[in-house]
Number of protein chains: 2
Amino acid sequence: MPTPHYGQPRYRAIADELRRRIEGGTIPPGALLPTESALTSEFKASRGTVRQAIALLREADVVATEHGRGTYVKTRRNEHESNREAQPETRHRQIPANPELAALFAVDVGTALVEQQSVTRIDGAVGIVVRTYRLLRTR
Amino acid sequence: MPTPHYGQPRYRAIADELRRRIEGGTIPPGALLPTESALTSEFKASRGTVRQAIALLREADVVATEHGRGTYVKTRRNEHESNREAQPETRHRQIPANPELAALFAVDVGTALVEQQSVTRIDGAVGIVVRTYRLLRTR
DNA sequence: AGAAATTTGTCCGTATGTATC
DNA sequence: AGATACATACGGACAAATTTC
């Protein structure tokens, strides 16, 4: 038997109710929504219906869902600064061999070496600096 | 940030990134990987996820883990017999930051840095020298 | 030698994503 | 619609091995 819905589907009614609670301050920004199973029992709806409701809020950018954590109320401020996955900055330069490197490469001090530097940042701060040295002229 | 795993779960992406660093020489054979907690903060993932990523590399025989010690990059076994590259000699030492490195890490000159040097020989001659710099104390 | 700090090993509980029946 | 199972993911807690002071 199909579920009768007066005017609007069940998932939308649930979404509206949740939105009222969010905008009314019952569920403040940054807070977790009740879990899906909690909403399921509260609204006496299936989990799929509850998820449909949450999907509406997510599309409206009212909440954000994190896998394994739950669904958060987004803060109104939405600068969206996700600068993750910073690629390392690399740079080449040619340097004369100092005594230590010259001894390693078995060349005269001052011999041209190629230094390649890679800087990996973590949250903006420098985490790892890698320097690779090669002889400019290969044997 | 929503964390759906479209196609690729998080732990596999982390494993891929670490493998890139290993094969790219950023983390040379014999060197220790960053600790699990360091990787946790770098990738903003839980420790369990980081451990899953490392487990992948361990299964692929790329690294080996020792209890209480850390995870090492395994020295690659001869994939070819004519490969005359010997295993790189690695070495750790603690050095004070010179002005250039101090500026990079945004610390005072003289701050303790860990320098890890890996020397790869080709036919007995030094071919590549890789130096990795990290802050002694993080977090 | 001993204590503290570090780092990995293991287990628990909770929650979402996906797939199947 | 509902139920179940499994994979993914987070967080906390404690134990065990190792390193550092």
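Just so we're on the same page: letters track the sequence lines, and every chain starts at 1. Only a predicted model underlies this, so the values are computations on that prediction, with no experimental measurement involved.
Contact annotation for B/Gly48: no contact, since no heavy-atom pair falls under 4.0 Å across all strands. Nucleic acid contact for A/Thr49: sugar-phosphate only, since backbone atoms but no base atoms lie under 4.0 Å from a heavy atom of the residue.
For the pair B/Leu33 CG and C/dT8 P, the interatomic distance rounds to 9 Å; values are reported in whole Å. Nucleotide D/dA7 holds its C1' atom 16 Å from the CZ atom of B/Arg10, rounded to whole Å. Going from atom CZ of B/Phe43 over to atom P of D/dT8 covers 18 Å, rounded to whole Å. Between the CD atom of B/Gln8 and the P atom of C/dG17 there is a distance of 18 Å, given to the nearest Å. One can place CD of B/Gln52 at 7 Å from C1' of D/dT8, the figure rounded to the nearest angstrom.
Taking 4.0 angstrom as the limit, A/Ser46 places a side-chain polar atom (N or O) nearer than this to OP1 or OP2 of D/dG2. Remark: B/Ser37 is not in phosphate contact with C/dT6, judged by side-chain N or O atoms under 4.0 Å from OP1 or OP2. Regarding contacts with the backbone of D/dA9, every side-chain N or O of B/Tyr11 stays at 4.0 angstrom or more from both OP1 and OP2.
Sorted pairs that involve residues 103-113 of chain B and meet salt bridge (charged side-chain N to carboxylate O under 4.0 Å, His left out), not counting sequence neighbours, are lacking altogether. Applying the salt bridge (charged side-chain N to carboxylate O under 4.0 Å, His left out) test to pairs two or more places apart or on separate chains, those with a residue in residues 45-55 of chain B are B/Glu36-B/Arg47, B/Glu36-B/Arg51.
Scanning for salt bridge (Lys or Arg N to Asp or Glu O under 4.0 Å) contacts around A/Glu115 gives A/Arg91, A/Arg93, A/Arg131, with sequence neighbours left out. For B/Thr65, the side chain to side chain donor-acceptor pair (under 3.5 Å) partners at least two apart in sequence or on another chain are B/Arg58, B/Thr71. With sequence neighbours left out, A/Ala13 forms a side-chain contact (heavy atoms from CB on, under 4.5 Å) with A/Gln8.
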Atom pairs, protein N/O to nucleotides 9-14 of chain C N/O, distance under 3.5 Å:
| from | atom 1 | to | atom 2 | distance (Å) |
| --- | --- | --- | --- | --- |
| C/dG9 | OP2 | B/Arg51 | NH1 | 2.7 |
| C/dG9 | OP2 | B/Arg51 | NH2 | 3.2 |
| C/dG9 | N7 | B/Arg47 | NH2 | 2.7 |
| C/dG9 | O6 | B/Arg47 | NH1 | 3.0 |

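Inter-residue side-chain proximity for B/Leu32 and B/Tyr72 is flagged as met; some heavy-atom pair is nearer than 4.5 Å.
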